[in-house]
Protein chains: 2
Amino acid sequence: MATTDRLERLIADECGSCCDGDVDDRVAELEAVRDRASLERTPTDAAVFDALSTETRLDIVRLLVAADGELCVCELEPLVDVSDSAVSHALSTLTDAGLVERRKEGRWRYYRPTDRAAALLAAADPGLDGAGTVSGGVAE
Amino acid sequence: MATTDRLERLIADECGSCCDGDVDDRVAELEAVRDRASLERTPTDAAVFDALSTETRLDIVRLLVAADGELCVCELEPLVDVSDSAVSHALSTLTDAGLVERRKEGRWRYYRPTDRAAALLAAADPGLDGAGTVSGGVAE
DNA sequence: CGCTCATATGAACAGTTGTTCATGCGTTGG
DNA sequence: CCAACGCATGAACAACTGTTCATATGAGCG
């Protein structure tokens with residue numbers, strides 16, 4: 001890690017150069033933060049959020065959650081203004097991300113959202129947003 | 001909505017052509033679903049998920065959550081393998097999405113995650129994922 | 001079996017985006 | 001003031017991606 005220049009000046013500025021070996025301590029602390037952050041990584045990584053990052057896919061998930069059951073492609077297609085092929089592509093991406101599940105019945109495929117999808121929408125939508133530090137208990 | 005062809009066949013297949021005017025009913029029902037889904041839209045829309053859809057920005061948010069306080073750019077930059085400019089760009093995007101907040105102090109800017117950011121990470125990370133219907137418990 | 005249907009999948013193109021480099025802006029120290 | 005610093009921002013380029021068209025797959029039906 002060669003870019004500790006600014007970090008040293010930051011620490012010196014924060015505690016008024018009172019202590020000298022604090023740089024190493026702070027670096028170690030930051031590396032511990034990095035380790036902790038890495039542990040929270042799921043195998044899906046950013047793919048989960050990426051799957052919800054376009055209006056088409058997000059609309060589909062919202063529709064599936066709003067519908068109190070399951071919908072098939074031919075029901076979704078009239079509700080979003082893209083081709084059925086695009087809907088299918090979107091559903092594949094969402095399935096890979098673990099946000100929807102598929103049920104086959106005859107010629108049709110019924111899709112429904114997973115708990116994770118609903119949890120993500122709930123976490124993003126409500127007005128609990130805005131200000132506030134986070135630390136402490138994110139537990140649930 | 002001109003693409004109700006398949007929808008008609010679906011309904012006929014589901015209830016065995018028992019009823020005829022059901023197509024309009026089902027279409028109306030689907031439009032109600034669409035209206036309900038639209039109501040849940042926040043002004044931020046898909047931008048929130050989009051902000052978390054890249055490894056760099058997601059890593060930054062994870063680091064801010066893992067750190068039990070606030071971090072500045074010079075502390076984040078050694079922890080992610082991109083330039084300080086990229087970190088700044090990422091933080092701007094995250095700020096616009098309402099996922100981090102900025103505090104100015106002298107030459108430095110300290111960043112901390114919002115509640116929404118923490119809630120989103122919590123909703124995506126835990127092992128509560130996988131199988132399960134979402135609303136109300138639609139047994140099957 | 002050959003047909004159609006519902007959906008999945010591959011290719012290709014346009015639009016988007018994440019990165020770095022260069023530079024601008026407010027702040028601090030000499 | 002002037003220089004240096006921390007960070008923000010604009011431009012530019014490569015890389016990615018969402019869409020549609022074309023085609024494949026598997027299921028029902030005559």
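Order of the sequence lines fixes the chain letters, A, B, ..., with proteins taken first and strands second; residue numbering starts at 1 for each chain. Only this structure's heavy atoms are used, side chains among them; waters, hydrogens and symmetry mates stay out.
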Just N and O in the side chain of A:Y110: are any of them under 4.0 Å from OP1 or OP2 of C:dA6? no
What's the closest nucleotide to the A:W108 side chain, out of D:dT19, C:dT7, D:dG6? C:dT7
Closest to the B:S88 side chain, choosing from C:dT19, D:dT9, C:dA8: D:dT9
Atom CG of B:L91 and atom C1' of D:dC7 are separated, to the nearest Å, by 10 Å
Return the set of residues passing side-chain hydrogen bond (donor to acceptor under 3.5 Å, both in side chains) with B:R103 (not counting sequence neighbours), or none when no residue passes. B:E70, B:E105
Residue pair B:V87/A:T56 against DNA chain D: nearer the 5' end by closest nucleotide is B:V87
Would a 4.5 Å heavy-atom cut-off, applied to side chains only, mark A:V48 and B:F49 as touching? no
Between P of C:dG18 and CG of B:L58, the distance in whole Å: 13 Å
Backbone N or O of B:D84 within a donor-acceptor pair of the B:S88 side chain at under 3.5 Å? no
Grab the CD-P distance between B:E70 and D:dG6 for me, whole Å please. 18 Å
Given atom CD of B:E77 and atom P of C:dT19, what is their separation to the nearest angstrom? 13 Å
Need the bend value for the helix from C:dC1-D:dG30 to C:dG30-D:dC1: angle between end axes, 5 pairs each end, nearest 10°. 20°
Considering only nitrogen or oxygen atoms on both sides, find all protein atoms under 3.5 Å from nucleotides 13-17 of chain C and state each distance.
none

Pairwise distance CG(A:L64) to CD(A:E75) - rounded to 0.5 angstrom: 10.0 Å
Measure the spacing between CZ of A:R62 and CG of A:L52 and express it to the nearest 0.5 Å. 9.0 Å
Atom pair distance, as rounded to whole Å: CD in B:E105 and C1' in D:dC7: 15 Å
Just how far, in rounded Å, is C1' of C:dA6 from OH of A:Y111? 11 Å
Using a cut-off of 4.0 Å on non-hydrogen atoms, how would the nucleic acid contact of B:D84 be classed: base, sugar-phosphate, or nothing? nothing
Looking only at C:dT19, D:dA8, D:dT20, the nucleotide nearest the A:V82 side chain is D:dT20
Identify, with sequence neighbours excluded, every residue that meets side chain to side chain contact (heavy atoms under 4.5 Å, CB included) alongside A:S92. none
For nucleotides 21-27 of chain C, print each protein N/O atom paired with a nucleotide N/O atom at under 3.5 Å, atom names and distance only.
{"from": "C:dC21", "atom 1": "N4", "to": "B:S85", "atom 2": "OG", "distance (Å)": "2.9"}

B:L71 vs B:Y110 side-chain heavy atoms within contact, under 4.5 Å: no
Report the distance from atom CG of A:L121 to atom CG of A:L58, rounding to the nearest 0.5 Å. 6.5 Å
Can you find a side chain N or O atom of B:R102 that sits less than 4.0 Å from OP1 or OP2 on D:dA8? yes
Check: B:V73 and B:W108 side chains under 4.5 Å, non-hydrogen atoms: no
Nearest 0.5 angstrom please: A:H89 NE2 to A:T56 OG1, how far? 12.0 Å
Which residues satisfy the salt bridge (charged side-chain N to carboxylate O under 4.0 Å, His left out) test with B:D50, sequence neighbours excluded? none
A:D59 has an atom CG; how far is it from atom C1' of D:dT19, in whole Å? 15 Å
Side chain to side chain, A:L99 and A:L120, heavy atoms closer than 4.5 Å: yes
